[in-house]
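Order of the sequence lines sets the chain letters (A, B, ...), proteins ahead of strands, with each chain counted from 1.
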Amino acid sequence: MEELLLETISIIDAPAHVNETVKIGVWLTDKRSSGKIAFLQLRDGTAFFQGVVLKNEVSETVFNTAKRLRQETSFWVTGEIHEDSRSKFGYEIQVAEIEIIGESEDYPITPKDHGVDFLMDHRHLWLRSSRPHAVLTIRNEVIRATYEFFNQEGFTKIDAPILTGSAPEGTTDLFHTEYFDHDAYLSQSGQLYEEAGAMAFGKVFSFGPTFRAEKSKTRRHLIEFWMIEPEMAFMYQEESLAVQEKYVAFLIRNVIDHCQSSLETLGRDPKVLEKYTKTPYPRISYDRAIEMLNEGGMNITWGTDFGSPEETYLADQFEQPVFILNYPKAIKAFYMKPHPTRDDVVICADLLAPEGYGEIIGGSERATDYNYLLEQIKKAGLDPAEYSWYLDLRKYGSVPHSGFGLGLERALTWITGEDHVREAIPFPRLLNRIYP
RNA sequence: UGCCCCGUAGUUCAGUGGUAGAAUAGUUGACUGUUAAUCAAAGGGUCGUAGGUUCGAAUCCUACCGGGGCAGCCA
């Protein structure tokens, strides 16, 4: 009779079931026991809390089973939920019954220190640990908030292809593959396709994986990463910057509001993030940035691109993310709109995250003139025939339009306060890692 | 790709020319509120691989393999 009343719940919902007897499917993360009491550290994917087994309250079989449980054994636990300030979660379950589902022997990730390589070799198991779980919970919130934001702003999601026949930007290394009897490449950007989308739907965005075969081995690089690329017709640079800062602030706001426990697990102070919800973000020109760097003793000449030390120095001068506007034409992509009164710069902006996390957004107003664009394509050493469809966008009703790309993992690394982008994706693809 | 650093017990590391070590995990036992629990016991090794120097190499040299950090490139 009582069996029928038993409700199966998730740990996260425990506060709503205080003093009720419930059943939860769990894994054991850790265990401490003495002669007459055992503490079982439990997780079920939604949260972590502990079960208390009192020898006097349960059968000898249950108590012995509890003492015999090993790390990552899965089982059904039945018991009464209690509020208890001695427990970190604030609630715990007083165990009455344990029903083992799957045994676990010699689980490799112990509660002690491990190196990065070892943990990455066991990434498929490491995901169960509290820190990766917290980062990926925030990743999910950022993805959710991204869809909410662009939906409420009137954007249409237009998916860009992953297999392409040519190099969109032509500069960086691409992954080569075969497309029947033709060459094909994995996408390194969906932007050009989004421009076509913007001419059909007005405001569009893509959100998908991106591949760069660069031999980069730094904390800011992944071989495979996810990018959000909005593109907006009838939009000039200033309005695009307003969308960008509104979007980034929206992401931060939602993470603060919906991911408190994950932020706490990571030791990321919400008060620090709170500063990034205030807009507008400061804007400085590339020219001014060069001046600031030289005033700071960095000795950099106009025309060079910023490296990581320069980006960090500039970002450190501000309390919020900062836009760097209008870079030299020579160091930027062919499709950017030339400045109306200066021949040496283009209408673009990079958004630098604070705290040394570097560039998280790159964006620009796009070139609209057919002949200018054709010339730029040739100058970049690209084959105009490959870009014929892209040039068509300037041939049939060209309009001013702007867009940008946000690197999901870079933004997440910053938001979560992690020190490497590999932490911000479930299964990172790195220079020397494609397993697991 | 360049520069720097690291490969020793399941894991994290010490040992820098003379018998292979610690902590922790796992195992066994004790303990009624533990939070990296504590206490006790026994077990656990092709010192990354190959070659060289030496009476003797984990230790010195060379090459290779694997990894980390930084830089370039980029999001």
Measuring only the [atom1] atom in each nucleotide, how far is [N] from [M]? A whole number of Å is fine.
| N | M | atom1 | result |
| --- | --- | --- | --- |
| B:rA20 | B:rG56 | C1' | 16 Å |
| B:rC70 | B:rU38 | P | 34 Å |
| B:rA23 | B:rG43 | P | 15 Å |
| B:rG21 | B:rC6 | P | 24 Å |
| B:rC47 | B:rG7 | P | 15 Å |
| B:rU46 | B:rC39 | C1' | 36 Å |
| B:rA58 | B:rG2 | C1' | 30 Å |
| B:rG18 | B:rA30 | C1' | 43 Å |

Residue pairs meeting salt bridge (charged side-chain N to carboxylate O under 4.0 Å, His left out), one or both in residues 132-143 of chain A, sequence neighbours left out, come to A:Arg139-A:Glu409, A:Glu141-A:Arg144
Sort and list the pairs that fulfil salt bridge (charged side-chain N to carboxylate O under 4.0 Å, His left out) and have at least one residue in residues 300-324 of chain A, not counting sequence neighbours.
A:Lys275-A:Glu319
Can we say [X] and [Y] salt-bridge, meaning some charged N sits less than 4.0 Å from an Asp/Glu carboxylate O?
| X | Y | result |
| --- | --- | --- |
| A:Asp30 | A:Arg43 | no |
| A:Glu194 | A:Lys203 | no |
| A:Glu231 | A:Arg366 | yes |
| A:Glu291 | A:Arg288 | yes |
| A:Lys246 | A:Glu153 | yes |
| A:Asp287 | A:Arg342 | yes |
| A:Arg123 | A:Asp121 | no |

Record whether the side chain of A:Gln41 comes under 3.5 Å of the base of B:rU35 through a donor-acceptor pair of N or O atoms.
no
Can you tell me whether the side chain of A:Asp30 and the base of B:rU35 have a donor-acceptor pair closer than 3.5 Å?
no
A:Pro309 or A:Met227: which one's nearest nucleotide on RNA chain B is closer to the 5' end?
A:Pro309
5' priority, RNA chain B, between A:Glu310 and A:Ile361 [closest heavy atom]:
A:Glu310
Atom-to-atom span, CD of A:Glu311 to C1' of B:rG72 - whole angstrom:
13 Å
Residues in side-chain contact (heavy atoms from CB on, under 4.5 Å) with [X], at least two apart?
| X | result |
| --- | --- |
| A:Glu238 | A:Tyr236 |
| A:Ser216 | A:Glu214, A:His221 |
| A:Ile101 | A:Ser74, A:Trp76 |
| A:Ala213 | A:Asp173, A:Phe175 |

At under 4.0 Å, does any side-chain N or O of [X] touch on OP1 or OP2 of [N]?
| X | N | answer |
| --- | --- | --- |
| A:Lys88 | B:rA36 | yes |
| A:Arg220 | B:rC74 | no |
| A:Thr218 | B:rC70 | no |
| A:Arg422 | B:rG69 | yes |

Working note: A:Glu72 + A:Thr29, criterion side chain to side chain donor-acceptor pair (under 3.5 Å); need CA distance, chi angles, decisive distance, verdict.
CA-CA 6 Å; A:Glu72 290 304 314; A:Thr29 63; 6.0 Å; no
Sequence-aligned protein contact record of nucleotides 6-15 of chain B, with B where the base is within under 4.0 Å of a protein heavy atom and S where only the sugar-phosphate is
-----SS---
Give one of base, sugar-phosphate or nothing for [X], where a contact means two heavy atoms less than 4.0 Å apart.
| X | value |
| --- | --- |
| A:His122 | nothing |
| A:Asp305 | sugar-phosphate |
| A:Gly307 | sugar-phosphate |
| A:Ser33 | base |

Which nucleotide in [options] has an atom nearest any side-chain atom of [X]:
| X | options | value |
| --- | --- | --- |
| A:Glu92 | B:rC70, B:rC74, B:rG33 | B:rG33 |
| A:Arg32 | B:rA36, B:rG68, B:rU32 | B:rA36 |
| A:Arg86 | B:rG33, B:rA75, B:rC31 | B:rG33 |
| A:His221 | B:rC74, B:rG26, B:rG33 | B:rC74 |

Aro-ring/base stack A:Phe39-B:rG33, d under 5.5 Å, angle under 30°:
no
Positions of residues 95-103 of chain A (non-hydrogen atom under 4.0 Å from RNA chain B), listed by number:
none
Residues of residues 63-82 of chain A with a heavy atom under 4.0 Å from any atom of RNA chain B, listed by number, are A:Lys67, A:Arg70
Any chance you could measure A:Ile228, atom CD1, to A:Phe404, atom CZ, to the nearest 0.5 Å?
9.0 Å
Output a table of nitrogen or oxygen pairs between the protein and nucleotides 3-5 of chain B separated by less than 3.5 Å.
none

Using the test ring pair (Phe, Tyr, Trp, His ring centres under 6.0 Å), find all partners of A:Phe75 that sit at least two apart in sequence or belong to another chain.
none
Applying the Watson-Crick and G-U criteria (both distances under 3.5 angstrom) with [ ] for crossing and | for other-strand pairs, one obtains for RNA chain B (((((((..((((....[..))))..((((.......))))......(((((..]....))))))))))))....
Do A:Glu97 side-chain atoms and A:Val77 backbone N/O form a donor-acceptor pair below 3.5 Å?
no
Is there a side chain to side chain contact (heavy atoms under 4.5 Å, CB included) between A:Arg212 and A:Glu224? Walk through the geometry before answering.
CA-CA 7 Å; A:Arg212 305 259 169 110; A:Glu224 176 183 306; over 6 Å; no
Between A:Glu264 and A:Lys88, is a salt bridge (Lys or Arg N to Asp or Glu O under 4.0 Å) present by the stated rule, with each step listed?
CA-CA 12 Å; A:Glu264 195 185 330; A:Lys88 273 179 182 167; over 6 Å; no
